[in-house]
J.: 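Structure in structure tokens, see below.
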2 protein chains.
Amino acid sequence: MVSESRKKNRVTLLDVARHASVSRATASLVIRKSPLVSTETRAKVEAAMQELGYVYNMGAARLRADKSLTIGVVIPNLVNPFFTELLAGIETVIDAAGMVVILVNSGDLVTRQETLLTRMREHGVDGIILCPAADTKMSLVERMAEWDLPLVQVLRHVTDDCDYAGVDYGVGMHQAVGHLVELGHRDIAFAVHGPVHSAYQERVDGFREAMEARGLYPNTIIRVPNQMAAIADSAELFSSGPGRSSAVVCFNDVVALGLSAGLYDLGITIGRDFSLVGFDDVADAEAMRPRLTSVATFPEAIGEGAAKLLLDRLTQPDLPPRKLVKAPQLRIRQSSARWSGTGLGRVQNSG
Amino acid sequence: MVSESRKKNRVTLLDVARHASVSRATASLVIRKSPLVSTETRAKVEAAMQELGYVYNMGAARLRADKSLTIGVVIPNLVNPFFTELLAGIETVIDAAGMVVILVNSGDLVTRQETLLTRMREHGVDGIILCPAADTKMSLVERMAEWDLPLVQVLRHVTDDCDYAGVDYGVGMHQAVGHLVELGHRDIAFAVHGPVHSAYQERVDGFREAMEARGLYPNTIIRVPNQMAAIADSAELFSSGPGRSSAVVCFNDVVALGLSAGLYDLGITIGRDFSLVGFDDVADAEAMRPRLTSVATFPEAIGEGAAKLLLDRLTQPDLPPRKLVKAPQLRIRQSSARWSGTGLGRVQNSG
DNA sequence: CTGAAAGCGCTTACAG
DNA sequence: CTGAAAGCGCTTACAG
């Protein structure tokens with residue numbers, strides 16, 4: 001058995017202490033870099049650790065000290081590049097703090113989320129960064145508070161009584177709509193998809209408000225499928241019919257990519273016949289042709305912010321709940337163009 | 001202090017045992033679902049756990065039993081969608097086994113990788129899935145063996161004396177080159193980028209062999225930058241000059257996306273004037289226009305395979321080293337077309 | 001099937 | 001600055 005052999009030749013702090021002719025307590029102080037130890041003693045102990053091949057046993061330390069240098073990250077979806085960048089930001093900050101992240105994927109399912117949160121608790125994480133699955137109840141967060149488990153919500157929120165790092169979607173929608181209106185568009189649609197949660201609601205509300213503020217009809221909100229290929233197939237919803245639009249704001253860049261492909265298949269030239277504005281500004285926005293105009297939401301920075309909120313709360317549990325709501329920034333590229341005033345000249349492309 | 005309050009009202013197994021009027025050992029058996037406990041006793045204990053709000057302390061169990069139900073995953077890069085899909089596969093299998101993954105990002109730096117591996121060891125992970133950073137020495141893996149830390153290499157390998165889950169890049173290159181040759185291409189370039197490691201080498205060797213096997217010149221291997229925008233700018237390397245190619249095989253889909261954009265900017269129509277074959281077949285391949293012909297490498301399946309190898313090794317440490325080398329599959333779409341025999345008709349697009 | 005005891009490897013007061 | 005002792009919450013033999 002691996003565990004047996006590993007246990008057999010495990011060298012403990014006591015071994016190190018004996019080898020250095022000091023007490024175990026002293027050796028422990030050396031490890032934790034306490035200033036109470038003389039340079040000489042420290043050197044002796046460190047030499048002993050080296051010679052014996054000592055490995056710090058964080059599990060034992062955790063049991064005694066009740067901290068694990070471990071934080072849990074619960075994300076609803078791993079394959080969306082947006083979440084990946086978020087994760088990268090979290091990982092950077094947590095890692096720099098000498099801690100480690102346990103990552104789990106809720107699949108946007110509250111029941112799975114429940115299981116996973118319990119699991120993290122049993123694993124003794126010091127805190128949790130949660131992007132709540134759709135339909136997460138406020139009570140979930142309250143329960144975590146009862147558990148004394150520090151929590152920060154990221155990207156989505158279900159309560160104000162808990163730290164939150166996210167995006168000001170309303171501002172982003174104003175930027176997107178404002179840009180298109182300046183270009184002369186008036187019939188602007190909003191292409192949405194995915195589960196409904198606070199970020200979804202805020203984008204929809206933001207779009208409506210932005211349209212109303214400009215005296216435009218705010219209800220051309222159209223749901224598209226979730227899979228890339230299916231989104232492409234739904235492009236016709238925007239380019240035909242009576243209330244045809246000349247521009248569409250997309251829920252995120254995944255939708256924008258899909259619609260871009262679909263409009264191409266319909267023979268519609270984006271950035272000339274039709275305007276498209278994405279949301280999030282993931283790496284692909286710059287790589288598309290025509291390049292995608294998109295509202296940058298800086299997921300990596302948000303991840304960093306969330307991690308910092310959590311680190312702060314770990315040291316100062318009694319801080320009032322804080323919000324870090326980042327203002328997005330419009331990146332104007334090629335997919336949005338001045339309203340041509342003409343109809344959509346359509347030529348069927350090889351779909 | 002959070003930890004104090006958490007400690008204060010922590011209910012332990014002993015509390016549960018008392019409340020259920022059994023011994024601590026019996027309560028422990030119930031938790032671990034031992035069949036040695038009568039249904040009646042089990043129900044009594046479970047009721048007690050429920051009433052008291054007992055939370056299993058995995059840290060304590062780990063200390064005693066020397067297993068942590070935790071595995072470490074070391075990845076060189078989080079933002080490449082390829083690695084994200086790999087991670088998703090790993091997470092699925094590990095999660096289904098009731099375990100949890102600790103994720104770290106080496107940034108493809110051996111020194112950081114070293115630090116992180118030590119950290120995971122201190123955290124007491126049961127095993128590690130490692131995609132070795134470029135320039136990782138074989139000795140690293142040997143050292144892990146001395147640590148008695150079960151390891152599986154994924155995607156890249158530095159030794160045969162250790163489990164490995166990856167891709168048969170050679171076969172993939174034969175598929176890509178073969179496909180282009182069938183379409184009549186003879187001047188085929190290979191666009192590479194990124195750090196050099198086993199997977200890099202295997203792709204390069206695979207390309208060379210595939211070309212040589214068909215009597216073609218195998219050395220048009222061109223390095224492009226790593227950033228998407230810079231890749232696009234380098235497209236001219238392939239489309240001009242004396243040894244001009246009519247088709248290019250890409251190191252991965254990131255390169256393919258970049259070149260696709262760059263060729264567009266040069267006014268070259270892919271799938272007509274020029275053929276492009278990607279590698280990996282990430283989600284974007286299907287979303288591009290023209291759709292990208294690509295060699296699918298199934299990163300999610302590889303992640304699952306790697307996790308299963310590790311799980312097996314945990315239970316059977318004495319198994320000989322195993323290899324899981326998955327055959328890729330060519331997905332023919334629109335970016336590859338019959339050789340036109342004409343030059344590249346070029347019209348400058350709005351770059 | 002159950003109970004009493006020892007121990008996993010560390011940290012934490014508490015004396016000195 | 002150092003040492004001896006207790007304890008974190010569990011699991012593991014070992015008797016019964």
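Below, chain A is the first sequence line, B the second, and so on; all start at residue 1.
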J.: With a 4.0 Å cutoff (strictly under), does any side-chain N or O of B/S23 reach OP1 or OP2 of C/dG3?
T.: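 Affirmative; the distance criterion is met.
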
J.: How long is the line joining CG of A/L63 and C1' of D/dA6, in whole Å?
T.: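 It is 13 Å, rounded to the nearest whole Å.
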
J.: Without placing hydrogens or testing angles, list every side-chain donor-acceptor pair under 3.5 Å for residues 40-53 of chain A, not counting sequence neighbours.
T.:
residue : atom : partner : partner atom : Å
A/T41   : OG1  : A/S38   : OG           : 2.4
A/R42   : NH2  : A/S34   : O            : 2.9

J.: Take the protein atom NE2 of B/H123 and the nucleotide atom P of C/dC10, then report the distance between them rounded to whole Å.
T.: 14 Å

J.: Rounding to an integer number of Å, can you tell me how far B/E122 CD sits from C/dG9 P?
T.: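 From B/E122 CD to C/dG9 P: 15 Å.
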
J.: Rounded to whole Å, please give me the gap between CG in A/L69 and P in C/dC10.
T.: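 Going from CG in A/L69 over to P in C/dC10 covers 15 Å.
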
J.: Taking atom C1' of D/dC10 as reference, at what distance in whole Å does atom CZ of B/R10 sit?
T.: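 Rounding to the nearest Å, CZ of B/R10 and C1' of D/dC10 are 11 Å apart.
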
J.: Show me, pair by pair, the donor-acceptor contacts under 3.5 angstrom made by side chains of residues 73-81 of chain B, not counting sequence neighbours?
T.:
residue : atom : partner : partner atom : Å
B/N77   : OD1  : B/V79   : N            : 2.9
B/N77   : OD1  : B/N80   : N            : 3.3
B/N80   : OD1  : B/F82   : N            : 2.8

J.: Could you identify which residues of residues 39-47 of chain A place a heavy atom less than 4.0 Å from some atom of DNA chain D, listed by residue number, or say none?
T.: A/T41

J.: Report, one line per pair, each donor and acceptor closer than 3.5 Å where one atom sits in a side chain of residues 17-24 of chain A; sequence neighbours left out.
T.:
residue : atom : partner : partner atom : Å
A/S23   : OG   : A/A25   : N            : 3.3
A/S23   : OG   : A/T26   : N            : 3.2
A/S23   : OG   : A/T26   : OG1          : 3.1

J.: Looking at B/D160, B/D161, B/D163, which one forms a salt bridge (charged side-chain N to carboxylate O under 4.0 Å, His left out) with B/K323?
T.: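 Going through B/D160, B/D161, B/D163 one by one, the salt bridge (charged side-chain N to carboxylate O under 4.0 Å, His left out) with B/K323 is satisfied by B/D160 alone.
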
J.: Donor-acceptor pair, B/D126 side chain versus B/L69 backbone, under 3.5 Å?
T.: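 Looks like yes, one N/O pair under 3.5 Å.
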
J.: Does B/Y54 or A/S38 map to a spot on DNA chain D nearer the 5' end, using the closest nucleotide for each?
T.: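 Between the two, 5'-proximity favours A/S38.
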
J.: Between the protein and nucleotides 11-14 of chain D, are there any N/O to N/O pairs under 3.5 Å, and if so, what are the atom names and distances?
T.:
residue : atom : partner : partner atom : Å
D/dT11  : OP1  : B/Y56   : OH           : 2.9
D/dT11  : OP2  : B/S28   : OG           : 2.5
D/dT11  : O2   : B/R64   : NE           : 2.9
D/dT11  : O2   : B/R64   : NH2          : 3.2
D/dT12  : OP2  : B/R32   : NH1          : 2.8
D/dT12  : O4'  : B/R64   : NH2          : 3.3

J.: Can you find a heavy atom in the side chain of B/I31 that is under 4.5 Å from one in the side chain of B/V16?
T.: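 Of all side-chain heavy-atom pairs linking B/V16 with B/I31, none is under 4.5 Å.
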
J.: Please give, in whole Å, the distance from C/dC10 C1' to B/N57 CG?
T.: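 Going from B/N57 (CG) to C/dC10 (C1'), I get 14 Å.
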
J.: Once pairs are restricted to Watson-Crick or G-U wobble with both distances under 3.5 Å, how does DNA chain D read as a dot-bracket string, [ ] for crossings and | for other-strand pairs?
T.: |||.||||||||.|||

J.: Heavy-atom nearest nucleotide on DNA chain C for B/L36 versus A/G59: which residue maps closer to 5'?
T.: B/L36

J.: What's the closest nucleotide to the side chain of A/T26 if the choices are C/dT2, D/dT2, C/dC10?
T.: D/dT2

J.: Nearest whole angstrom, please: distance from the P of D/dG9 to the CG of B/L52.
T.: 14 Å

J.: When you compare the side chain of B/T118 with that of A/Y56, does any pair of heavy atoms fall below 4.5 Å?
T.: no

J.: Would you please test A/R322 and A/D312 for side-chain contact (heavy atoms from CB on, under 4.5 Å) and show each step?
T.: CA-CA 10 Å; A/R322 294 192 295 171; A/D312 285 351; 2.6 Å; yes

J.: Between B/R313 (side chain) and B/P317 (backbone), is there a donor-acceptor pair under 3.5 Å?
T.: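 Side chain of B/R313 to backbone of B/P317: a pair is present.
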
J.: Starting at CD1 of B/I102, measure out to CE of A/M99 and round the result to the nearest 0.5 Å.
T.: 11.0 Å

J.: Is it the case that the side chains of A/T115 and A/R119 hold a donor-acceptor pair, with the cut-off being a distance below 3.5 Å and no angle test?
T.: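 Side chains of A/R119 and A/T115: no pair found under 3.5 Å.
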
